[in-house]
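Just so it is clear: chains get the letters A, B, ... in the order the sequence lines come, proteins before strands, and each one is counted from 1.
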Amino acid sequence: MALVEPTAREAGQDFIRDIVRADLASGRHKSVVTRFPPEPNGYLHIGHAKAICLSFGIAEEFGGHCNLRYDDTNPTREAQEYIDAIERDVHWLGFDWGSHLYHASDYFEQLYAWAEDLIRAGKAYVDDQSQDEMRATRGTLTEAGTESPYRGRGVEDNLDLFRRMRAGAFANGARVLRAKIDMGSGNINLRDPVLYRILHTAHPRTGTAWCIYPSYDFAHGQSDAIEGITHSLCTLEFEDHRPLYDWLLDNLPVPSRPHQYEFARLNLTHTVLSKRVLTELVRSGHVAGWDDPRMPTLAGLRRRGVPPAAIRDFVKRVGVAKANSVVDMAMFEFSIREHLNKKAARRMAVLRPLKVVIDNYPQGQSEEVEALNHPDDHAAGTRRLRFSRELYIERDDFKENPPKKFFRLSPGAEVRLRYAYFITCREVKKNEAGEIVELRCTYDPATKGGNAPDGRKVKATLHWVSAADSRTAEVRLYNPLFARPDPNPADFAAELNPNSLEVIDDARVEPTLAGRNSGEAVQFERQGYFCLDADSTPERLVFNRTVGLRDSWAKIAGI
RNA sequence: UGGGGCGUAGCCAAGUGGUAAGGCAGCGGAUUUUGAUUCCGCCAUGCGGAGGUUCGAAUCCUCCCGCCCCAGCCA
């Protein structure tokens, strides 16, 4: 197996990679350069992961490179906190831009010079109309707009006004610089789009050097050209901007000629990936922060224990196309489980403890049993667990009146305690309220290790923990933030799942679970994959459930 | 009623005139000291619809239907 090699491919098959491949083959480009261009006004989420994996992935596969570029053209919405988070998250996802870290704001001076070029060429003008007037004269989806009364302004006039805009002579909103294209275009982006607006706002990087800022449209394509981007990949909603992107590149003396390609953004069931909504969830306190493990942000997924490789794998499985789609969350969970199953050490933890006393096990005695750290990877070794007269098992693993096909413990039934002994339930103890508080069982000393010398079989193996040697832990179980598969983002507050977080504060876990690193994956056998949360302390262990195990019993039982 | 896109299984998604890949989910079964994992099998006479071209159409043509995006001095 070691010699088998997946040499070929790795470069996936999709229409964008087809284009890249063809461009390289035809010599249109000698190498591929892509870019990931976030605006630092929020945290990256799983949707961005698709864009990141695409642009960085293509660069990697075809031997080029991918730039990280901040589209920081609107200082009123951007902050350093987001810049730091973006870099941390892209690195965590597994990508590296090396020295290729750029900002649209690096190009403000060049962009400004190009704007003057456009003015000199008679292709841009300063418009004194108010925002309302511009809106009124832009026309509608079905009707052409009307030209601004300032559209015919002379070059010198425009140049003077634009320079004074830069110099700070005018208030916010007083004037804008517009491209002179076509007010009758069916494409509204071509109806004399705004190139520069006045914003007397300090910028995180350029400070107060500027009080006019380029629009996205005036910055993006030119930034691509400056950086030598060959394939500029973005989502579908920018398709209408491509003619403007091309118009600017065609009318400016840019150093290279990039091309924009659009793909469908990622959507997931039970999830909302709108920056506005995510920001609002944090702001309103519906979640604990951007890294709340229920959030679809990369920071949230990281804290939840999702391996970055699982995200990459998921994105690869989803593919890249132009059809709007909503991917089933089950597909993401599959990728997560697949990775965790291979890596995570196995441990025993009882989430909802039910006391078990082994009546025929000597008082005061205990012994060690050996447990595998990973059933499919013997190199992971073993650990020793203490077995004693008083134990805890999972409440769900006992039913006084077992339904059909319930294989676990019930009065008179015999089951195996993993790595330990067969036990049989002899008596059920209840409190005044009629609640089961304790089980009295007997064990078969001949079954040590979990096998009966007489060959008798048992239909279930339960995880357990020693009452005296286990530790109490807090376990946080996460469910989808949105109960419905297709929540309406416009009314997200009403769509929130009231049971998205379930906290268990008296789980019992085997002592080997202390002292792990935060984020390191572990499987609680028969339960799911967990990791230590950042809130955890040596005194108080706190675990996050990353994802549960597949549970075919739940299906049978109709839970 | 303008412009730009998109419709292949429950969900993603290959396919580019030669007779519908793959994955997820689901359903059977085998193995199992995790009802996990692993393994095996099943799951589109059908590609939004109707016509047409062709020996042959998911692929080409025509018409129709449906869905998404665009009227920020956001990105």
Side-chain angles (χ1 to χ4, degrees), chain A residues 13-14 18 37-39 41 71-74 76-77 127 129-131 134-136 138-145 172-178 184-191 193-199 212-213 215-217 219-220 234-243 262 264 266 269 275 314 316-335 337-338 341-342 346 348 371-372 375-376 405-408 416-420 422 449-451 457-463 485 523-528 548-557:
Chain A
Q13 292 294 330
D14 57 65
D18 287 345
E39 182 190 15
N41 68 342
D71 240 334
D72 55 350
T73 56
N74 187 344
T76 64
R77 329 182 343 139
D127 195 339
Q129 291 186 109
S130 69
Q131 198 160 350
M134 279 184 57
R135 181 162 34 240
R138 185 155 28 232
T140 68
L141 293 179
T142 56
E143 297 160 331
N172 287 355
R175 287 176 229 263
V176 292
L177 182 72
R178 288 229 255 175
S185 173
N187 182 344
I188 293 177
N189 292 302
L190 262 22
R191 318 237 267 231
V194 169
L195 269 21
Y196 269 90
R197 73 282 211 190
I198 299 169
L199 250 27
I212 58 172
Y213 292 93
S215 63
Y216 162 83
D217 286 302
H220 206 95
C234 62
T235 44
L236 251 27
E237 66 269 28
F238 290 101
E239 274 179 319
D240 287 344
H241 291 249
R242 180 154 30 90
E262 311 86 12
L266 175 68
T269 59
K275 206 173 274 187
F314 167 64
K316 183 182 285 183
R317 283 170 189 274
V318 166
V320 182
K322 298 192 72 161
N324 291 314
S325 61
V326 182
V327 177
D328 196 325
M329 180 59 87
M331 204 160 147
F332 186 32
E333 293 185 343
F334 175 86
S335 288
R337 289 194 189 100
E338 189 180 50
N341 175 47
K342 287 186 209 126
R346 309 290 127 123
M348 293 206 281
L372 262 22
D376 307 319
K405 297 208 201 159
F406 183 84
F407 304 148
R408 283 113 94 145
R416 171 168 40 230
L417 292 182
R418 190 157 169 124
Y419 301 123
F422 284 12
N451 285 303
K457 301 291 184 201
V458 101
K459 293 186 87 173
T461 300
L462 309 187
H463 60 281
Q523 183 195 92
F524 289 177
E525 295 212 41
R526 303 207 306 133
Q527 294 287 185
L549 254 29
R550 280 183 65 199
D551 187 353
S552 53
W553 165 244
K555 268 175 205 158
I556 295 167

*Asks:* Taking atom types as modelled, find out whether Ser185(A) and Asn187(A) have a side-chain donor-acceptor pair closer than 3.5 angstrom.
*Replies:*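 No pair is found: no donor N or O on one side chain lies under 3.5 Å from an acceptor on the other.
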*Asks:* Looking at rG2(B), rC73(B), rG3(B), which one has an atom nearest to any side-chain atom of Gln131(A)?
*Replies:*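 Nearest to the side chain of Gln131(A) among the choices is rC73(B).
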*Asks:* According to a cutoff of under 5.5 Å between the ring centres and under 30° between the ring planes, does Trp553(A) stack with the base of rG35(B)?
*Replies:*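 According to the criterion (under 5.5 Å, under 30°), yes, Trp553(A) stacks.
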*Asks:* Phe314(A) CZ to rA13(B) P: how many Å, rounded?
*Replies:*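 One finds 11 Å between P of rA13(B) and CZ of Phe314(A), rounded.
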*Asks:* Has Phe407(A) got its ring stacked on rG35(B), by the test of a centre gap below 5.5 Å and a plane angle below 30°?
*Replies:*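 Ring-base stacking flag set for Phe407(A) and rG35(B).
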*Asks:* Go through it in stages, so that I can follow the logic: the residues are Gln13(A) and Asp18(A), the test is side-chain contact (heavy atoms from CB on, under 4.5 Å), and I'd like the CA-CA distance, side-chain angles, deciding distance and then a yes or no.
*Replies:* CA-CA 7 Å; Gln13(A) 292 294 330; Asp18(A) 287 345; 3.6 Å; yes
*Asks:* Describe the nucleic acid contact of Phe334(A) in one word from base, sugar-phosphate, nothing, applying a heavy-atom distance below 4.0 Å.
*Replies:*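 Counting heavy atoms under 4.0 Å across all strands, the contact made by Phe334(A) is with sugar-phosphate only.
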*Asks:* Hey, does Arg191(A) reach any base, or is it just sugar-phosphate, or nothing, if we go heavy atoms under 4.0 Å?
*Replies:*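 Here Arg191(A) touches no strand at all.
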*Asks:* Base, sugar-phosphate or nothing for Ser552(A)? Non-hydrogen atoms, less than 4.0 Å.
*Replies:*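 It contacts sugar-phosphate atoms only.
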*Asks:* Could you tell me how far apart Asp14(A) (CG) and rG23(B) (C1') are, to the nearest whole angstrom?
*Replies:*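 In whole Å, rG23(B) C1' and Asp14(A) CG are 15 Å from each other.
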*Asks:* Rounded to whole angstroms, how far apart are CD on Glu239(A) and P on rA75(B)?
*Replies:*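 Checked: the CD to P distance equals 20 Å.
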*Asks:* Please work out if Glu39(A) contacts a base, only the sugar-phosphate, or nothing of the nucleic acid, heavy-atom cut-off 4.0 Å.
*Replies:*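 Glu39(A): backbone/sugar contact only, no base atoms under 4.0 Å.
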*Asks:* Taking the side chain of Asp240(A) as its heavy atoms from C-beta onward, which of rG4(B), rG35(B), rA75(B) lies nearest to it?
*Replies:*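 Taking heavy atoms from C-beta onward, the closest nucleotide is rG4(B).
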*Asks:* Is it true that Trp553(A) and Phe406(A) have ring centroids separated by less than 6.0 Å?
*Replies:*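 Between Phe406(A) and Trp553(A), which both carry aromatic rings, the centre distance is below 6.0 Å.
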*Asks:* At less than 3.5 Å, do the side-chain atoms of His463(A) and the base atoms of rA36(B) form a donor-acceptor pair?
*Replies:*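 No.
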*Asks:* For Glu143(A), report the nucleic acid contact type (base, sugar-phosphate, nothing); a contact means any heavy atom under 4.0 Å.
*Replies:*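 No contact at all - Glu143(A) keeps every heavy atom at 4.0 Å or more from the nucleic acid.
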*Asks:* Are His463(A) and Arg526(A) linked by a side-chain donor-acceptor pair shorter than 3.5 Å?
*Replies:*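 Yes, because at least one side-chain N or O of His463(A) sits under 3.5 Å from a partner of the opposite role on Arg526(A).
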*Asks:* Is Asn451(A) touching bases, backbone alone, or none of the nucleic acid, heavy atoms closer than 4.0 Å?
*Replies:*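 The residue Asn451(A) makes base contact.
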*Asks:* Mind calculating the distance between NZ (Lys322(A)) and P (rA14(B)) to the nearest angstrom?
*Replies:*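 So the NZ-P distance, Lys322(A) to rA14(B), works out to 13 Å.
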